[in-house]
Amino acid sequence: MSNKNASTEEKNKLILELLPGVDCQGGCMCGTCKECAEKIASEGQVDLCPALTQEAVDKIAAILGVDTVEVKDEVAFVACDGNAAGKERFASCESCKQAKELGFQRGECKSGCLGVGSCMDLCKFGAMSLEDGKVIIDKEKCNGCKACAMKNACPQNIILMVPRDATNFIPCSSKEEDDQLVREICGHGCIACGECERACPEGAVHVVDNHAVIDYDKCVGCVACAVKCKKKIIVDTLHDITALKANVAFVQCSSGKKSQAMKDAGCETCKEAKKLDAKAMNLCTTGCLGQGDCTRVCRYNAIELVNGVAYVDTDKCVGCKDCTFACPMNLITIIPYQGMKKVPCSSTADYEEKAKVCDSGCIACHDCLNNCPQGAIYAEEAHTVIDPEICEDCNVCQYMCPRFLIKETEVPEHIFLQREALGIKEGE
């Protein structure tokens, strides 16, 4: 029922009863809910308060005797999922503003969440919490008032408003131009490669200030951007990204002989171990160092040390390449996620030297090469390499290898069916 004949005071009162009533000082740009109600009544902007539901907006329109408008049901989203902005240093700060004034050190993200949680003080609805330096937003409690997303509310300006029913998210606001530096600083950082932008069939993704941004007015929640993302940082709540992937990591070594020797020498990281003279220690000069630098950067727990050597679980791996950048020996490569054969050895030593230091390295006997019916195997610096574009998984190489060295990566049949159902073509 319309209340257009009610007095201004009565309208103000009726509208105020529909507002949150906590003076959140959010998107309405008013100091109090009372001021907001008066402004709505005088200007007729029925959706001035962003926290209003569609039902409340409809009632306000009826009170004022004007047409209602469609409400944008949005929630706050922190566009950062890393811990690279100096959070440990800033933990004792009283505010995020104070933390930013301290400045950033080399190796810290200048655009990420500061982790102090000043935004929580702005939220009047208890929708924000701080867990291990990360701001968590409870979608059920957040009513989209925009208080935390207002200009200057967050000194980093990384809190955005997104549709409540959105399924794809990019948790990064990095403005760093050097993609290599981004990889070194944060496992969750966008490297602005533009693959997601090119893959989006709706034109909903764009690289802005060196990080990808989603236009939710165009996004339809498909899987394209998440699958094509090189770093696999795009959050997709509809699909299993560990299954929908084009590539996985592979460690070109299967011997863990160096691991204990490096530990005994006092090494705690692979970078430290690489500085040692492996040849003088009677060890392979090219193999896995076994100190787990790659395991520490993997966000999907897809790589672990097994008997002293790094091993990739292809069911968990998404092909983000973070481990390839972490390995100082450049042993980890990216291969197609399909049933194929690989030689886990990259040694360039001759046969006699290799036999002394490793019992699982390729001895370059060429039995696999000479017997491959597809010609998919070739020799490269004292070890063999299998070309995945030519290999047809005939198993001849595995049968012929005298050291039983050649490994096979397998993919469950349902993965192929799932990719086909989502319209993902070969190579995508």
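Only a predicted model underlies this, so the values are computations on that prediction, with no experimental measurement involved. One-based numbering along the sequence shown.
Residue Glu88 places its CD atom among 12 or fewer non-hydrogen atoms of other residues, nucleotides or ligands, all under 6.0 Å distant. Within 6.0 Å of CD in Glu268 there are 12 or fewer heavy atoms belonging to other residues, nucleotides or ligands. Applying the 6.0 Å contact sphere to CG of Asp132 captures no more than 12 heavy atoms from other residues, nucleotides or ligands. The 12-atom threshold is exceeded at NZ of Lys175, counting heavy atoms of other residues, nucleotides or ligands nearer than 6.0 Å. At most 12 heavy atoms of other shown residues, nucleotides or ligands fall within 6.0 angstrom of atom OH in Tyr399. Enclosure of atom CG in Asn307 is not indicated, since only 12 or fewer non-hydrogen atoms of other residues, nucleotides or ligands lie within 6.0 angstrom. More than 12 heavy atoms of other shown residues, nucleotides or ligands fall within 6.0 angstrom of atom CD in Glu101. Atom NZ of Lys139 has more than 12 neighbouring heavy atoms from other residues, nucleotides or ligands inside a 6.0 Å radius.
Shortest non-hydrogen contact noted between Phe250 and Lys342 is CZ-CB, 3.2 Å. The two residues Glu202 and Val220 have their closest heavy-atom pair at CG-CG2, 3.8 Å. Of all heavy-atom pairs between Gln54 and Val69, the closest is NE2-O, 2.9 Å. Scanning both residues, Ile332 and Cys294, for their nearest heavy atoms gives CD1-CB, 3.7 Å. Shortest non-hydrogen contact noted between Val312 and Ala249 is CG1-O, 3.4 Å. When all heavy atoms of Lys231 and Val182 are compared, the pair lying nearest together is NZ-O, 4.5 Å.
Put simply, the side chain of Cys327 does not reach to within 4.5 Å of the side chain of Asp293, judged on heavy atoms. Under the 4.5 Å side-chain criterion, counting only non-hydrogen atoms from C-beta, Asn210 is not in contact with Cys190. Contact check for Leu405 versus Ser254: side-chain heavy atoms found under the 4.5 Å cut-off. Looking only at side-chain heavy atoms (C-beta outward), Ile158 and Ser111 stay at 4.5 Å or farther from each other. Counting heavy atoms from C-beta outward, Val235 and Pro171 have side chains that approach closer than 4.5 Å. Within the 4.5 Å cutoff, the side chain of Leu305 has heavy atoms near those of the Thr295 side chain. When side chains are defined from C-beta on, Ile241 counts as touching Tyr300, because their heavy atoms get closer than 4.5 Å. Looking at His383 and Ser347, their side chains never come closer than 4.5 Å, going by heavy atoms from C-beta outward.
Thr167 contributes no side-chain N or O that, together with a main-chain N or O of Asp236, makes up a donor-acceptor pair within less than 3.5 Å. Between the side chain of Glu94 and the main chain of Val116, no donor-acceptor pair closer than 3.5 Å is present. At least one donor-acceptor pair closer than 3.5 Å links the side chain of His211 to the backbone N or O of Asp209. The backbone N or O of Glu272 lies less than 3.5 Å from no partner atom in the side chain of Lys275, so there is not a single donor-acceptor pair. At distances below 3.5 Å, at least one donor-acceptor pair connects side-chain atoms of Gln398 with backbone N or O atoms of Ile406. For Arg403 (side chain) and Cys362 (main-chain N/O), no donor-acceptor pair under 3.5 Å exists by modelled atom type. Between the side chain of Arg164 and the backbone N or O of Cys142 there is at least one donor-acceptor pair closer than 3.5 Å. With His206 contributing its side chain and Val213 its backbone, the two residues share no donor-acceptor pair below 3.5 Å. The backbone N or O of Ser259 lies less than 3.5 Å from a partner atom in the side chain of Gln291, making a donor-acceptor pair. Distance alone, capped at 3.5 Å, places no donor-acceptor pair between the Lys258 side chain and the Cys288 backbone.
Checked by atom type, the side-chain pair Thr68/Asp58 shows a donor-acceptor distance below 3.5 Å. Judged by distance alone, the side chains of Gln156 and Lys100 do bring a donor and an acceptor atom under 3.5 Å apart.
Annotation: side chain to side chain contact (heavy atoms under 4.5 Å, CB included) contacts of Cys372 (sequence neighbours excluded): Gln374, Ala376, Ile377. Asn83 pairs by the side chain to side chain contact (heavy atoms under 4.5 Å, CB included) definition with Lys87, not counting sequence neighbours.
A salt bridge does not link Asp47 to Lys72: none of the charged nitrogens lies less than 4.0 Å from a carboxylate oxygen. Ion pairing of Arg299 with Asp322 is present here, as a side-chain N (NZ or NE/NH1/NH2) and a carboxylate O approach within less than 4.0 Å. Using a 4.0 Å cut-off between charged nitrogen and carboxylate oxygen, Lys356 and Glu353 do not count as a salt-bridge pair. In summary, Lys341 and Glu408 engage in a salt bridge, as defined by a charged side-chain N under 4.0 Å from a carboxylate O. Between Glu55 and Lys59 a salt bridge is recorded (basic side-chain N to carboxylate O distance below 4.0 Å).
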Salt bridge (Lys or Arg N to Asp or Glu O under 4.0 Å) between Lys134 and Glu131, worked out: CA-CA 5 Å; Lys134 181 178 178 180; Glu131 298 179 14; over 6 Å; no
CA sep, side-chain torsions, deciding dist, call: Cys36, Cys49, side chain to side chain contact (heavy atoms under 4.5 Å, CB included): CA-CA 7 Å; Cys36 181; Cys49 172; 4.1 Å; yes
Audit row: Cys397, Asn371, side chain to side chain contact (heavy atoms under 4.5 Å, CB included) steps and yes/no: CA-CA 7 Å; Cys397 60; Asn371 288 279; over 6 Å; no
Evaluation steps, side chain to side chain contact (heavy atoms under 4.5 Å, CB included), between Cys225 and Asn168: CA-CA 9 Å; Cys225 63; Asn168 289 9; 3.4 Å; yes
From CA spacing to verdict: side chain to side chain contact (heavy atoms under 4.5 Å, CB included), Phe169, Tyr216: CA-CA 10 Å; Phe169 309 92; Tyr216 288 102; 3.6 Å; yes
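Within the model, atoms SG of Cys28 and CG of Leu48 stand 5.5 Å from one another, a figure rounded to the nearest 0.5 Å. Between the CG atom in Leu160 and the SG atom in Cys80 there is a gap of 11.0 Å [rounded to 0.5 Å]. Going from atom CG of Asp359 over to atom OG of Ser255 covers 6.0 Å, rounded to the nearest 0.5 Å. Between Ser174 atom OG and Ile185 atom CD1 the span is 7.0 Å, to the nearest 0.5 Å. Note that the NZ atom of Lys321 and the OG1 atom of Thr333 stand 8.5 Å from one another [nearest 0.5 Å]. How far CG of Leu52 is from CG of Leu19: 5.5 Å, rounded to the nearest 0.5 Å.
Judged by the 6.0 Å and 45° rule, Lys245 forms a cation-pi pair with Tyr337.
A perpendicular orientation is assigned to the rings of Phe90 and Phe104, their planes being inclined by more than 60° (bins at 30° and 60°).
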